[in-house]
Each structure stands twice: as C-alpha cells, then as structure tokens.
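For reference, the structure discussed in these notes is given below.
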Protein chains: 2
Amino acid sequence: MKFSNINLLEELARPELAPLLSAFHERRYARQAIVFSPQYDDDLAEQETQKPREDNFVFIVKSGLVRIYLSYGDREFTIALLKPGDLYVSHSNAFVQVLEDAVLLLLDTPTFNRCMMTIPEFTVSIVRVLGGMLKSSFSIIDGLALRDVTVRLARLLIDLAHENDDNSQERLIRLPLSGEMLAQTLGTSRQTISTLLTDFTRLGILQKEQRGLYRILDENRLRELLH
Amino acid sequence: MKFSNINLLEELARPELAPLLSAFHERRYARQAIVFSPQYDDDLAEQETQKPREDNFVFIVKSGLVRIYLSYGDREFTIALLKPGDLYVSHSNAFVQVLEDAVLLLLDTPTFNRCMMTIPEFTVSIVRVLGGMLKSSFSIIDGLALRDVTVRLARLLIDLAHENDDNSQERLIRLPLSGEMLAQTLGTSRQTISTLLTDFTRLGILQKEQRGLYRILDENRLRELLH
DNA sequence: ATTCGTCTGTCAGCTACCCGACAAAAGGAC
DNA sequence: GTCCTTTTGTCGGGTAGCTGACAGACGAAT
C-alpha cells in the first residue's frame, strides 16, 4: 500500500540538496487525472528488443494522493498510494493517477541522471526509496501468491490502524478508499471485501461506525487471522 | 524470472571499479544450500517498529544458479533465478537458495554503503539493478493479480524461447526447472502446469522432445494466449 | 426537502484451480 | 541390467472467490 517511509520533501529541505530541489518542476493535477499512461504492449517478450524508454520520469508528491496501478482490460490492481513526501521512479508499465487534487515535483530524465552522478546524497536516497518499493512489492507478491484474501485484508486493516497512531486508544480505522478501490488494492472483488468486512463484524473483531469508518474491537483476533 | 539484464561482472571489470571488486569476498555454496533465511515474522505490522536489519547484504553471482523465493508453511513462490553476473540486494524477507553449485561475491553492508557514497558509477549501477528488480516485480504482480495461469505459462515459455536466441531457428525450449519448481515460479500447482503443457501440446503449439525439452511449433498461437 | 449518482450488502450460480492419489516414465547410481 | 528416487501425467472431488444482479443506504448538489 505504501512504498517507503522516506520523506523526500524533508530530505530535499537540506541545504546541500538545494540545487537539486531547484531542478524539479512543479505541476498541478486535478483528481482522476492520469499522470502517466504506459505504451502498454501485451506482448511482453518484445520488451527486451525495444529501445529504452526515453520518457522515464521521477516525481515527488508535494500534496494530494496519487495511485500507482496496473491495468488489463477492465481489471486494475493498485500497487501503491503515494502521499506528500513520497517519490516515485518509473521503471515499468504502471499507470499513475491522481486520486485527490495533487501537486507533483517533476524531474526530467537527463537531469535525474546528471544529479545521480554529481550528488551522492540524492543517489543514496534514490536507492533507499527503490529498496522500499522493492520490499513493498515483495510483500504484495507474498500476499497474492501465498495467502488468501482474508489475510490480505487483515494486513491492510492492521497497517491502517497503525498509521493512525494518534488514535491508538480508539483503534478507529478510516478506510481511505471505496470498497471497489480497496478490492483493487488487494487483488479481489468488491463483493468479497464487503463479505469479509461483514464477517469480521459478525465475529466481533470490527464494529462499523459509519460508511468507511470502523473500530477494531479485538485486535488480537485480527492478528490471529494473519496465520 | 530474471531480474535485470545488467551483468555486474562486466561492470566490475572496468578499471575505475577495481577497488570495488577487491572489496567483495568470494564464497562457495553447494547446491540446495540456503544462503539467506530471513527472521520471518508473520506479524508484518510489527516490522515498522523493528530496528533496521543489520545483516542486509549484497552479492553478485560469479557462477552457478541462485533462487530468490518467498515461503509460507509448505508453500513457496520463486521470485527470481539469478545467473552469473546478476546482483542481488536484500531488502526484504526473501529466501536465497543455491540451485546449482555456486560461487558468490559478497559485500558487507558498511562497505556497501561506503562505496555508494564514494563511487558514483557503482551507485548508478545499483539503481539500475534495483530498477530492473522493481520492473520484474511489477510484472510478477501483474501476472498474479490480473492474469490466469495460462497467460503466465505462455509468458514464461516465450521468455525462455528468447533467452535461447542461438536456437532461434529451432525454437527449442529447455525448461530450467522441474514441473514442481516451475509451478512455484508461476504461483500455481505442479498438476496445473502439467495439464497446461499437455493442453498446449494437444493444441499443436508445443511438441515434447523429451522431459524438460519442448519445441515451439506455433509461436503465433502461443502469443495469442497472452491476450 | 428532493433528486441523483455512487457506494454497499447480499444472493446464487459459476469457474479456475487446488489437492490427494495413483500409476507410469525417466534418469542416475551401483 | 537392476533398483531406487524423482518426475510426470492423469483423475475426480472440492473450494475460494468471481460474477452479474438487485435493492437499499448514503452523501452531495440543487
């Protein structure tokens, strides 16, 4: 769901990275805007013989919410949601969409490559971000290949509960997306998410406060679902 | 299946990277050896509060075949097979196992971090490798979340056919793993792989030459299965 | 307050694939 | 050649989850 804990806005606020920050171009996008749409080719084997893409890009979310997702026909799978401070490096055929009005700091590829050679601190940050993206991707693969939807949903709920640590006494979870969008994040259908949330409620693990807002009544039992 | 096209052995052969090459320690492993076994904790939410792992590591495969995989109970999912020249940076709870006697060039974390700050060429190579790993991971996620097993197998076969470009007239595919291991790479069961290979054979797409060796009779029809 | 569009819960039929099991085939060791 | 282990192909029953559909709930706009 989220790629990395590194806040690039804080990193770029450091004085030695000031020239780098000035190289980014600020751009505004309205909600639902598709920032990046890959030239998707179903024939994956041909990718090896294609020229390297010249329109790779890097951006940092300054404000808003951005979704990284894969798409095939009418099916979509959300890989990550990016919040302010998050950086994304495009290396694949993933779509980029703004879910809430956003401001992005964009960096063109030649500048990106030059900065990597001349500003080691930046490059190390990029490595850390890529490492976080990789770890998150492995976790997604683990969920899809080795677990079932119940575990994936339980994981999401626990993650969300911990993101709202200021509500730690209440254990309230505000689902950041509609059921349909959550389903796309967990690789399942909206109906299954609805069914499972109802199951968790009947089991006394959750209590629905209102649409999209749940209270965790028994976190230990939620954690038991992880096994 | 494979992470990146970058051959680090060739990269490290460049004169300016000689000090870096000398920092690697050479280590031998017998087939089946587990090189790295994570302290796997089922409770993923706790990972945010854990100390950073001190035993992250980097290695380059000098010879042999190495498998990167995830494991849960008796289920396993293979993320990648590394061949000579491939580099792996551990950032997650993946296992590392030697499938064929291997020689690895290992780099400890402090040296790794120091070299990243002092040798920009190395850092850029790391970024490119991580980018390749990420792209490959996205492709795996795409296959697991948005496609079915037929597509995943067809992709694998096409990839393998293109890796053996020296046999381009023959379109012979030597499966590098047993049916069971292939199933673990595609997130399915051995029986399903067997059934699908038989289906492809009955459809006139493949012809079985011997165990583990197939000829592609109709590559266009194999590619049609990708849609 | 009303209307409309989106979201949600539920249902029943369907399906892609799993799983345990067994027999046959294949390859390697002796 | 024999023996043993691993691999492979096949079968039939079972299941996690999908899918289309419908009605109700909810929130925003007017």
Side-chain angles (χ1 to χ4, degrees), chain A residues 31-32 72-78 99-101 143-157 173-203 205-214 225 227, chain B residues 31-32 72-78 99-101 143-157 173-203 205-214 225 227:
Chain A
R31 64 187 303 272
Q32 310 287 37
Y72 175 61
D74 60 345
R75 309 183 71 175
E76 293 178 2
F77 183 84
T78 298
L99 293 187
E100 291 168 18
D101 292 355
L144 291 171
L146 301 177
R147 320 280 177 151
D148 59 18
V149 184
T150 303
V151 177
R152 303 209 284 279
L153 180 59
R155 279 180 177 172
L156 174 71
L157 295 175
I173 301 173
R174 177 166 295 283
L175 301 179
L177 304 168
S178 67
E180 177 74 56
M181 295 293 277
L182 277 185
Q184 287 173 9
T185 299
L186 297 178
T188 183
S189 67
R190 173 192 69 73
Q191 292 89 332
T192 300
I193 292 296
S194 185
T195 300
L196 288 179
L197 286 175
T198 303
D199 289 346
F200 290 179
T201 302
R202 289 209 185 97
L203 288 169
I205 296 174
L206 294 184
Q207 182 181 54
K208 185 174 180 179
E209 297 288 304
Q210 58 179 252
R211 175 195 284 191
L213 186 63
Y214 288 82
L225 296 178
H227 307 302
Chain B
R31 63 187 307 270
Q32 310 286 40
Y72 175 62
D74 60 345
R75 310 184 70 177
E76 292 178 1
F77 183 83
T78 298
L99 293 187
E100 292 168 18
D101 292 356
L144 291 172
L146 301 178
R147 321 280 174 149
D148 59 19
V149 184
T150 303
V151 177
R152 303 209 284 279
L153 179 59
R155 281 180 174 173
L156 173 73
L157 295 175
I173 301 172
R174 175 164 298 282
L175 301 179
L177 305 167
S178 67
E180 176 74 59
M181 294 293 279
L182 278 185
Q184 287 174 8
T185 299
L186 298 178
T188 183
S189 68
R190 174 192 67 75
Q191 292 90 335
T192 300
I193 293 294
S194 183
T195 301
L196 288 178
L197 286 174
T198 302
D199 289 346
F200 289 177
T201 303
R202 289 211 186 95
L203 288 168
I205 296 175
L206 294 183
Q207 182 181 54
K208 184 172 179 181
E209 299 287 308
Q210 61 179 253
R211 175 194 282 190
L213 187 62
Y214 287 83
L225 296 177
H227 306 302

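Each chain gets a letter, A, B and so on, in the order the sequences are listed, and its residues count up from 1.
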Notebook entry, point to check: Rounded to the Å, how far apart are A:L196 CG and D:dC18 P?
Noted result: 9 Å
Note to self: Closest-nucleotide mapping onto DNA chain D: is B:Y214 or A:V149 further toward the 5' terminus? I mean the 5' end.
What the structure shows: B:Y214
Item checked: Distance in angstrom units between B:L213 CG and C:dA26 C1', rounded -> 14 Å
Check: OP1, OP2 of C:dA16 versus side-chain N and O of B:T192: anything below 4.0 Å?
Finding: no
Check: So, do B:Y214 and B:K208 sit near enough that their side-chain heavy atoms are less than 4.5 Å apart?
Finding: yes
Next item on the list: Could you check how far CG of A:L99 sits from P of C:dT6, rounded to whole Å?
Entry: 16 Å
Margin query: At less than 3.5 Å, do the side-chain atoms of A:Q191 and the base atoms of D:dG20 form a donor-acceptor pair?
Written below: yes
Margin query: So, taking the atom named OG1 in A:T150 and the one named CG in A:L196, what distance separates them when rounded to the nearest 0.5 Å?
Written below: 4.5 Å
Check: Is the shortest side-chain N/O distance from B:T195 to OP1 or OP2 of D:dT10 below 4.0 Å?
Finding: no
Next item on the list: Figure out the CE/C1' separation between A:M181 and C:dT6, and round it to whole Å.
Entry: 13 Å
Check: Should B:I193 and B:R190 count as side-chain neighbours, where that means a heavy-atom distance under 4.5 Å?
Finding: no
Next item on the list: Check the distance between D:dT7's C1' and B:L177's CG and give it to me in whole angstrom.
Entry: 13 Å
Margin query: Are the side chains of B:L197 and B:L153 in contact, using a 4.5 Å heavy-atom criterion?
Written below: yes
Margin query: Between B:L157 and B:L175, is there a side-chain heavy-atom distance shorter than 4.5 Å?
Written below: yes
Checklist line | Short side-chain N/O contact from A:K208 to OP1 or OP2 of C:dG9, under 4.0 Å | finding: yes
Notebook entry, point to check: Can you check the B:R75 CZ to C:dC18 C1' distance for me, whole Å?
Noted result: 9 Å
Check: Can you check side chain to side chain contact (heavy atoms under 4.5 Å, CB included) on A:D148 and A:V151, steps first, answer last?
Finding: CA-CA 6 Å; A:D148 59 18; A:V151 177; 3.4 Å; yes
Notebook entry, point to check: Do B:L177 and B:Q184 touch side chain to side chain, with heavy atoms closer than 4.5 Å?
Noted result: no
Note to self: Rounded to whole Å, how long is the line connecting atom CD of B:E209 with atom P of D:dT8?
What the structure shows: 16 Å
Notebook entry, point to check: Out of D:dT7, D:dG17, C:dT8, which has the shortest distance to the side chain of B:S178?
Noted result: D:dT7
Checklist line | Value in whole Å for how far the P atom of D:dT10 lies from CG of B:D199 | finding: 9 Å
List every contact pair, protein side and nucleotides 25-30 of chain D side both N or O, where the distance is under 3.5 Å.
residue	atom	partner	partner atom	Å
D:dC26	O4'	A:R211	NH2	3.2

Item checked: Proximal nucleotide (of D:dG9, C:dT8, C:dC18) relative to the A:S194 side chain -> C:dT8
